[in-house]
Amino acid sequence: MTTYTYWCLEKGYARWTGPDDGTEERARRAEGWIKVMRMDALAGLAVCVLCTLSFYVIGAAVLHPQGLVPEGNEMITTLSRIYTDTMGPWAEYLFLVGAFGVLFSTLIGSTASVPRLWTNTLGLLGVIDWSDVRARTRTIRILTWTLPLLWTCFFLWMQSPVLMVQIGGIGGGIFLLAVVVAVWRLRYTGVPRRFRTNGWLTTALVLSSVAILCVGVYGVLETLGAVPE
């Protein structure tokens, strides 16, 4: 939801639109790239929803009846039961290959995106000059090397992937609330009226904002143990 903007910038989506000179040609170019971004978002949404629902259903059907809860360093082993209990012991190797692919791709994505997010944040706070390409690139490179090392140190210190996920859940819940506020603010301060007159998208934004607010609050309360079982 947030780091995709850096993808757009670095892949040249905005560059080919050109500066806002008020011409109809520029407006049509912008509308064309907005359609590309909507297709990106819809494709990503479809993949995320299908994968998430699939694992929820499989986990509920296989793990829950046995009272298996992924905990500590046994998280991967417990999750592998989703496959081994239905396909046989050989499926554990298939699961490990898939788990490595998923976790490694997540690491690559986070290593590329989080440094850019923090660099942009440092620019907004005035620590660096975001408009200075050399300073921005240097900061991104430094964070790209240091953040993965910091994450590794946290894991070696805590030795509890589930706890780290819970901590991330609290941070993610708070972050989601901030995203909703930022989206509505940018919609009315950074988007020309021509590009926000789509009725069904406005309705979808309202519904998703309410859903994100509810999920964000619920996620924080559940992680803190404030939600009864």
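Just so it is clear, the structure is predicted and the values come from calculations on it, not from any experiment. Here, residue 1 is the first one in the sequence, and each next residue gets the next number.
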Just wondering, are more than 12 heavy atoms of other shown residues or ligands nearer than 6.0 Å to [atom1] in [X]?
| X | atom1 | result |
| --- | --- | --- |
| Arg141 | CZ | no |
| Arg28 | CZ | yes |
| Phe55 | CZ | no |
| Trp16 | CH2 | no |

For the student: nearest non-hydrogen atoms of [X] and [Y], plus distance:
| X | Y | value |
| --- | --- | --- |
| Pro192 | Gly190 | CD-O, 3.9 Å |
| Ala135 | Asp129 | CB-O, 4.3 Å |
| Phe195 | Val191 | CB-CG1, 3.9 Å |
| Pro148 | Leu143 | CD-O, 3.8 Å |

Side chains of [X] and [Y]: closer than 4.5 Å at any heavy-atom pair?
| X | Y | result |
| --- | --- | --- |
| Val183 | Ser209 | no |
| Thr144 | Thr111 | yes |
| Thr202 | Arg187 | yes |
| Trp130 | Thr119 | yes |
| Thr139 | Arg136 | no |
| Arg15 | Leu9 | no |
| Trp151 | Ser110 | yes |
| Leu125 | Thr121 | yes |

Run the side-chain contact (heavy atoms from CB on, under 4.5 Å) check on Asp20 and Arg26 step by step: do they pass? CA-CA 7 Å; Asp20 188 2; Arg26 192 268 178 188; 3.8 Å; yes
Measure up the Tyr188 and Trp184 rings against each other and bin them: parallel (under 30°), tilted (30 to 60°), perpendicular (over 60°).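 Answer is parallel, since the angle falls under 30°.
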Measure the [atom1]-[atom2] distance between [X] and [Y] for me, rounded to the nearest 0.5 Å.
| X | Y | atom1 | atom2 | value |
| --- | --- | --- | --- | --- |
| Thr23 | Glu25 | OG1 | CD | 5.0 Å |
| Ile212 | Leu177 | CD1 | CG | 9.5 Å |
| Thr152 | Leu147 | OG1 | CG | 10.5 Å |
| Ile140 | Ile128 | CD1 | CD1 | 7.5 Å |

Ignoring hydrogens and angles, tell me if any N or O in the side chain of Ser208 forms a donor-acceptor pair with the backbone of Leu205 under 3.5 Å. yes
Test of understanding: clusters of I, L, V, M, F, W, Y form through side-chain heavy atoms closer than 4.5 Å, transitively. Do [X] and [Y] belong to the same one?
| X | Y | value |
| --- | --- | --- |
| Leu150 | Trp157 | yes |
| Trp118 | Leu107 | yes |
| Val206 | Val180 | yes |
| Tyr4 | Val36 | yes |
| Ile34 | Tyr13 | yes |

